[in-house]
Amino acid sequence: MNSRGLRSQLKDSVPVAGFCPQSQFGVQDSLRGGFSSVKNELLPSHPLELSEKNFRLNQDKMNFSTLRNIQGLHAPLKLQMEYQAARQIQRLPFLQSSNLALDTLRGSDDTIGFEDILNDPAQSEMMGEPHMMVEYKMGML
Amino acid sequence: MMALSNVLEAPAAGFNFENSSRNAALQAGLEGQTPRPMKTGTTIAGVVFKDGVVLGADTRATSSEVVADKMCSKIHYMAPNIYCCGAGTAADTEKTTDLVASNLTIFSLNSGRKPRVVMAVNILQDLLYRYRGQIGASLILGGVDCTGSHLYTVGPYGSVDKKPYLAMGSGNLAAMGIMEDGFRPDLELDQAKQLVRSAIQAGILNDLGSGHNIDLCVITDRGVDYIRPYQESQYKDHRTNKYRFRQGTTPVLTDTVVPLELEVVEEKVQQMETS
């Protein structure tokens, strides 16, 4: 079964290292995921994990606050509106979107970083089950 | 809304930290016998002279106590007018310099201008600071652009220094001694090449992590001269004989022939369709 495990969604929670893949009946899948440990799921196992997870968010926040200080409140407001609009242009829920509009707005469409080379989501080998994903998106699940 | 167990959250692009807890557990279990990454325990040096920049490096790459590569190339291309010497973890220096080179090329294509050395330095500094030193790359960048010739060093944590002469790597103390003694402002090309050569030589002789040949790279506003090797190691391997023995060198003492007896068990004839 193609599935990813539970992940805590609390706002101030420490993000989780790996997902614990679940086999049938919801039991911990030791073959694919290794031995489970509560500590591993709650605490980051690498010093960069937290900062990398939130890097883009923090950078955007910093840019917006600088923009607000220089140009006034209207500038980040207008930009954030455009970001919201760009984020809504997506493919079907189980397909990867290129996020071209968002990249252009951010200015990251003419730079190459590690996020373009490593772990490209377009090359990901796991795909969510189409019906499940659409129902989740629609709120029917 | 809570994530459900059968809804896929797409993995974030970039570094994946899934295996880091497993690696920590393995390291504790294996007690020091873990595989070591290839490092370029190195001597790299650079000097600014009258018409441009001279960069130099040795060619040894080590994997703890073993020499992993005798002829490794430590002077990496960044732009037609900018080259970079890398010390530290070999893969990190390679990948980081490649990344910055790609970014500089995109910039040149976008703007139609040659990239400046400060650009490369700033990109590198941001990149290395973001990863808090986990990317082990100490680099010496040198190049000639419209504002003149520049030599910078970027440390693994993102520290930047701009000097007319620099040395980095495990052999940098020996190399720096030679540089401090021999550097003058506005050197000629040959003097600059000799100075860098002597600095790298000092590193090779006094540091175990550096060795073998010396590569030089001369960058001027007229172009780049990549001299590889500038000086070859005196411990080159000269095999003067062929070590293959001719047939008949070993005398045959006895000869025993055992025929393998086969008997026909079954015979089947199948007609082939040739029409």
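Quick note on labels: first sequence line is chain A, next is B, and so on, each numbered from 1. This structure is a prediction, so every number in the text was calculated from the model and none was measured.
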Mark yes when over 12 heavy atoms from residues, nucleotides or ligands other than [X] sit less than 6.0 Å from its [atom1]; otherwise mark no.
X	atom1	result
B:Lys70	NZ	no
B:Leu208	CG	no
A:His74	NE2	yes
A:Arg68	CZ	no

Side chain, backbone, both or neither: which part of B:Phe107 has a non-hydrogen atom closer than 4.5 Å to chain A?
neither
Residue B:Ile135 versus chain A: region with a heavy atom under 4.5 Å:
side chain
Plane angle bin for B:Phe15 and A:Phe114 - parallel if under 30°, tilted between 30 and 60°, otherwise perpendicular
tilted
Which answer fits A:Phe55, side chain, backbone, both or neither, if we ask what part of it has an atom under 4.5 Å from a heavy atom of chain B?
side chain
For A:Pro47, is it the side chain, the backbone, both or neither that has a heavy atom under 4.5 Å from a heavy atom of chain B?
side chain
Highest number of heavy-atom pairs under 4.5 Å with chain B: which of A:Asp110, A:Asp116, A:Asp120, A:Thr111?
A:Asp110
Rounded at 0.5 Å granularity, tell me how far CG in B:Asn16 sits from CD in A:Glu52.
11.5 Å
To the nearest 0.5 Å, atom CG of B:Asp126 lies from atom CD of A:Gln59 at 8.5 Å
Determine the minimum heavy-atom distance between B:Ser102 and A:Ile112, stating which atoms define it.
CB-CD1, 3.8 Å
Sort out for me which of B:Asn103, B:Leu109, B:Ile106 touches chain A most, counting heavy-atom pairs under 4.5 Å.
B:Asn103
Quick one: do A:Glu115 and B:Arg130 make a salt bridge, cutoff under 4.0 Å?
yes
